Amino acid sequence: MFSLQNKIIVAAIAGMFLILGGAVILSGQSMAEPFNQGPKKCAECHKAEFQIWEETKHAKSFKKVHKSKLAKALAKATGNKSMKKNETCVQCHYTLVAKDAASAAKAKPKAGPSCESCHGASSDWFTIHNNRAEPKDERIVAATAAGMRWSFDRYGIAENCNECHGLANANIDPEKLAIMLENGHPAKPDWEYVKYSQGSIRHRFYPPDMTKNAEMTPAEMSRAFVVGQAAKLVSATIAISRSGSPKFIEFQQARAEAARAALSGVDAAKTLIENPNRENAVALTAAIKDQDLSGTVGGLLPTEFK
Ligand code: HEC
Ligand code: HEC
Ligand code: HEC
Ligand code: HEC
């Protein structure tokens with residue numbers, strides 16, 4: 001069990017080198033951004049995960065979020081009054097889907113946040129993913145290099161939720177994020193990974209029983225809590241450094257403070273608290289990977305889930 005996990009981590013690290021190597025090899029060619037193919041493409045094989053996703057707010061919001069007064073006002077304040085065409089809103093609220101590389105620049109919103117919003121746009125990793133003749137170790141390395149975010153990339157997954165839910169998406173102009181906040185876009189400094197990931201969105205169909213959507217053990221939950229807080233602290237710190245808006249900075253400081261308080265009892269988090277950057281957060285995630293931290297953070301864990 002642990003040896004598989006170790007292998008996977010080694011493979012993930014190797015994947016990062018492959019990305020670097022790939023960038024060198026491909027630097028002569030034009031590297032197109034990967035694009036989304038949409039959740040139906042994944043549903044062909046992942047029926048259980050799709051059925052869970054369909055019932056989530058991520059899926060259901062697609063038909064209604066743009067209709068509220070608030071949505072219209074926010075869209076107008078940030079430049080394009082159609083939420084589905086507003087380049088800021090679409091980054092977080094929709095899955096922009098394209099048929100092929102040629103039409104990728106004109107990808108259209110076809111769903112709310114979906115599979116690829118969390119697991120990575122699949123155009124470059126889809127063929128690798130479905131070539132199951134290839135040994136799994138090698139597939140993991142290649143798919144990671146092509147942009148797939150696996151379930152065992154604990155930090156990457158929590159970081160990605162925090163970028164949307166913490167209004168800290170690095171691809172979005174911080175000026176626009178500040179305008180959203182100033183015009184009443186929801187902002188929750190107490191957003192917490194375990195509370196939000198172990199309710200409606202949970203899909204954890206793992207061996208030995210692939211038919212069971214497994215709940216986290218207390219030890220898993222304690223680690224997920226710490227990793228989530230680490231991602232929150234780092235994303236808030238980066239967001240603060242990018243913005244000049246007092247209201248935006250105040251919100252990000254509240255996120256950072258909440259995360260610091262949650263991590264204050266965790267010995268392995270000392271370096272991260274002193275110097276909140278991604279490298280230290282990834283190191284913390286690796287350091288606690290087999291630990292049960294319920295003794296330290298158990299009292300802070302949520303008992304109700306979204
Ligand atoms: C043709 C079938 C097929 C399609 C289509 C497919 N998958 Fe998979 N996927 C699998 C199988 C089988 C596995 C099981 C483990 C493996 O990779 O060996 C898997 C594994 C995964 C995992 C890894 C589980 C882990 O432990 O992290 C993720 C994440 C995933 N798929 C996401 C997706 C997404 C997102 C899409 C759509 C873009 C997709 N898959 C499309 C068959 C498919
Ligand atoms: C950085 C990511 C991000 C961007 C950009 C963003 N949103 Fe949001 N939005 C969210 C998240 C996350 C929520 C859910 C907050 C929660 O309830 O936890 C949300 C919630 C909302 C809600 C409330 C929905 C409800 O069900 O109550 C509206 C309305 C909304 N956003 C409109 C917009 C509009 C319009 C834009 C573009 C100007 C926009 N958002 C841009 C992430 C974003
Ligand atoms: C909001 C983010 C999010 C969305 C949307 C999402 N996933 Fe996941 N997915 C995760 C997380 C987080 C895990 C890891 C769960 C764990 O191990 O705690 C995961 C794990 C998985 C796994 C491995 C566990 C299992 O259930 O087999 C597969 C396969 C997978 N996702 C496929 C999909 C597919 C297909 C979709 C779309 C129908 C999807 N995911 C949508 C976040 C997401
Ligand atoms: C691409 C941006 C994006 C990512 C990534 C993302 N979310 Fe969301 N999430 C949203 C938006 C937008 C909403 C609000 C939808 C609405 O209300 O219309 C939302 C809503 C939710 C809700 C419903 C909240 C409620 O009050 O009912 C949950 C739960 C949630 N997200 C959990 C997660 C978790 C956990 C992750 C990471 C594994 C994640 N999300 C990743 C954008 C995102």
Side-chain angles (χ1 to χ4, degrees), residues 4-5 8 12 34 36-68 70-71 83 89-97 111-123 125-132 134-137 139-140 143-144 147-154 156-169 171-172 185-186 188 191-207 210-217 220-221 223-224 227-228 231 305-306:
L4 176 67
Q5 236 183 5
I8 284 167
N36 296 312
Q37 307 189 86
K40 284 191 191 129
K41 196 93 181 169
C42 317
E44 286 167 23
C45 303
H46 295 289
K47 289 207 171 54
E49 289 82 0
F50 185 83
Q51 279 166 3
I52 286 170
W53 171 77
E54 271 187 313
E55 297 302 318
T56 63
K57 210 163 178 183
H58 283 151
K60 292 188 166 171
S61 74
F62 184 63
K63 290 204 171 125
K64 51 180 188 227
V65 63
H66 57 287
K67 292 181 179 162
S68 73
L70 176 61
M83 185 171 169
C89 319
V90 296
Q91 303 286 333
C92 294
H93 280 271
Y94 302 120
T95 307
L96 298 174
V97 176
S114 67
C115 319
E116 292 162 288
S117 311
C118 295
H119 294 293
S122 67
S123 59
W125 58 257
F126 198 72
T127 313
I128 304 166
H129 187 62
N130 293 321
N131 179 9
R132 259 164 285 275
E134 192 86 1
K136 184 150 183 177
D137 285 10
R139 247 192 311 122
I140 288 173
T144 303
M148 179 173 175
R149 195 176 291 113
W150 294 77
S151 63
F152 44 78
D153 179 6
R154 299 283 163 207
I157 287 209
E159 173 184 55
N160 184 51
C161 321
N162 265 288
E163 288 191 350
C164 280
H165 282 272
L167 306 186
N169 192 311
N171 298 326
I172 300 178
H185 188 280
K188 297 181 176 162
W191 194 93
E192 190 279 309
Y193 179 73
V194 175
K195 184 184 176 93
Y196 276 76
S197 67
Q198 298 310 299
S200 55
I201 78 151
R202 171 166 56 94
H203 47 285
R204 293 174 33 90
F205 297 92
Y206 292 119
M210 300 290 285
T211 64
K212 189 175 155 212
N213 189 6
E215 285 178 22
M216 281 186 174
T217 63
E220 283 172 326
M221 210 180 261
R223 290 193 290 268
V227 172
F305 307 99
K306 280 277 188 183

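Atoms within a ligand are numbered from 1 in the order they appear, just like the ligands themselves. As the structure is a computational prediction, the values presented were derived from the model and not from experiment.
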Check whether any heavy atom of Y193 sits under 4.0 Å from an atom of ligand 3.
-> yes

min-distance protein heavy atom vs atom 20 (C) of ligand 1 -> H129 CE1, 3.4 Å

- Does some side-chain heavy atom of S151 sit less than 4.5 Å from a side-chain heavy atom of Y206? yes

Q | Note, F126 side chain near K41 side chain (heavy atom, < 4.5 Å) | A | yes

Mutual orientation of the aromatic rings belonging to W191 and H165 [parallel < 30°, tilted 30-60°, perpendicular > 60°]
parallel

Contact region, I201 to ligand 4, non-hydrogen atoms below 4.0 Å, reads side chain

N/O/S atom of C164 inside 2.8 Å of atom 8 (Fe) of ligand 4, strictly under: no

Examine W150 against ligand 1 and note whether any of their N/O atoms are separated by less than 3.5 Å. no

A student checking ligand 1 against K41 at a 4.0 Å heavy-atom cut-off should list atoms 5 (C)

Q) Between the side chain of N131 and the main-chain N/O of T127, is any donor-acceptor distance below 3.5 Å? A) no

Review point. Donor-acceptor pair, S122 side chain versus N36 backbone, under 3.5 Å?
Key: no

| message | If the cut-off is 2.8 Å, does any N/O/S atom of H165 fall short of it from atom 8 (Fe) of ligand 4? | response | yes

Check: of S197, G112, S61, min heavy-atom distance to atom 15 (C) of ligand 4 comes from S61

Sub-4.5 Å side-chain heavy-atom contact between K67 and V65:
no

Quick note on ligand 1: atoms under 4.0 Å from a heavy atom of N130 include exactly 1 (C), 2 (C), 3 (C), 4 (C), 5 (C), 6 (C), 7 (N), 43 (C)

Atoms of ligand 3 under 4.0 Å from any heavy atom of C42, numbered from 1 in the order shown, are 35 (C)

Please determine if atom 8 (Fe) of ligand 3 has an N/O/S atom from C115 lying under 2.8 Å away.
no

Handout entry: W150 side chain to T144 side chain, donor-acceptor N/O pair below 3.5 angstrom
Key = yes

Closest heavy-atom approach to atom 34 (C) of ligand 4 among C118, S117, C161 is made by C161

Report yes if some N/O of R139 lies less than 3.5 Å from some N/O of ligand 1; otherwise report no. yes

So the atoms of ligand 4 within less than 4.0 Å of a heavy atom of V65 turn out to be 18 (O)

Side-chain heavy-atom pair P39, W53 within 4.5 angstrom cut-off: yes

Heavy-atom proximity to atom 32 (C) of ligand 4 ranks first, among F62, Y94, Y196, for Y196

* Given salt bridge (Lys or Arg N to Asp or Glu O under 4.0 Å), test E215 with R204 step by step and report yes or no. => CA-CA 7 Å; E215 285 178 22; R204 293 174 33 90; over 6 Å; no

Near S122 (heavy-atom distance under 4.0 Å), the atoms of ligand 1 are 38 (C)

| atom 8 (Fe) of ligand 1 to nearest N/O/S of H46 below 2.8 Å | yes

Closest to atom 24 (C) of ligand 1 by heavy-atom distance, out of S151, P39, A121, P207, is S151

Within the 4.0 Å heavy-atom cut-off, what Y206 brings close to ligand 3 is side chain

Within-4.5 Å side-chain heavy-atom neighbours: R154 and R223:
no

Is any side-chain heavy atom of I157 less than 4.5 Å from a side-chain heavy atom of R149? yes

Would you check the N or O atoms of K188, main chain and side chain alike, for any that come under 3.5 Å of an N or O of ligand 4? no

Atom 21 (C) of ligand 3: of H203, M216, E54, the nearest heavy atom sits on H203

Donor-acceptor pair, T95 side chain versus S114 backbone, under 3.5 Å? yes

So CD1 of I201 and NZ of K306: to nearest 0.5 Å the spacing works out to 13.0 Å

- Message: Please confirm whether W125 approaches ligand 1 to less than 4.0 Å, judged on its heavy atoms.
- Response: yes

Subject >> Check: F205 and N213 side chains under 4.5 Å, non-hydrogen atoms >> reply: yes

Quick look: R154 vs ligand 3, heavy-atom contacts under 4.0 Å, and the answer is side chain

Numbered in order shown, the ligand 4 atoms found under 4.0 Å of a heavy atom of H93 are 12 (C)

Do I128 and E134 have side-chain heavy atoms sitting under 4.5 Å apart? no

A student checking ligand 1 against F126 at a 4.0 Å heavy-atom cut-off should list atoms 5 (C), 41 (C)

Exercise. N/O of S114 under 3.5 Å from N/O of ligand 3, yes or no?
Worked result: no

When distances are taken from atom 42 (C) of ligand 1, the protein heavy atom at minimum range is R132 NH2, 3.1 Å

Quiz item: Hey, does P113 sit under 4.0 Å from ligand 4 if you only count heavy atoms?
Solution: yes

the protein heavy atom lying closest to atom 22 (C) of ligand 1 turns out to be M148 CE, 3.7 Å

>> Please determine whether C45 has a backbone or side-chain N, O or S atom lying under 2.8 Å from atom 8 (Fe) of ligand 1.
In response: no

A student checking ligand 4 against H58 at a 4.0 Å heavy-atom cut-off should list atoms 6 (C), 7 (N), 8 (Fe), 9 (N), 10 (C), 19 (C), 20 (C), 21 (C), 30 (C), 31 (N), 32 (C), 33 (C), 39 (C), 40 (N), 43 (C)

Would you say H119 has an N, O or S atom lying under 2.8 Å from atom 8 (Fe) of ligand 3? yes

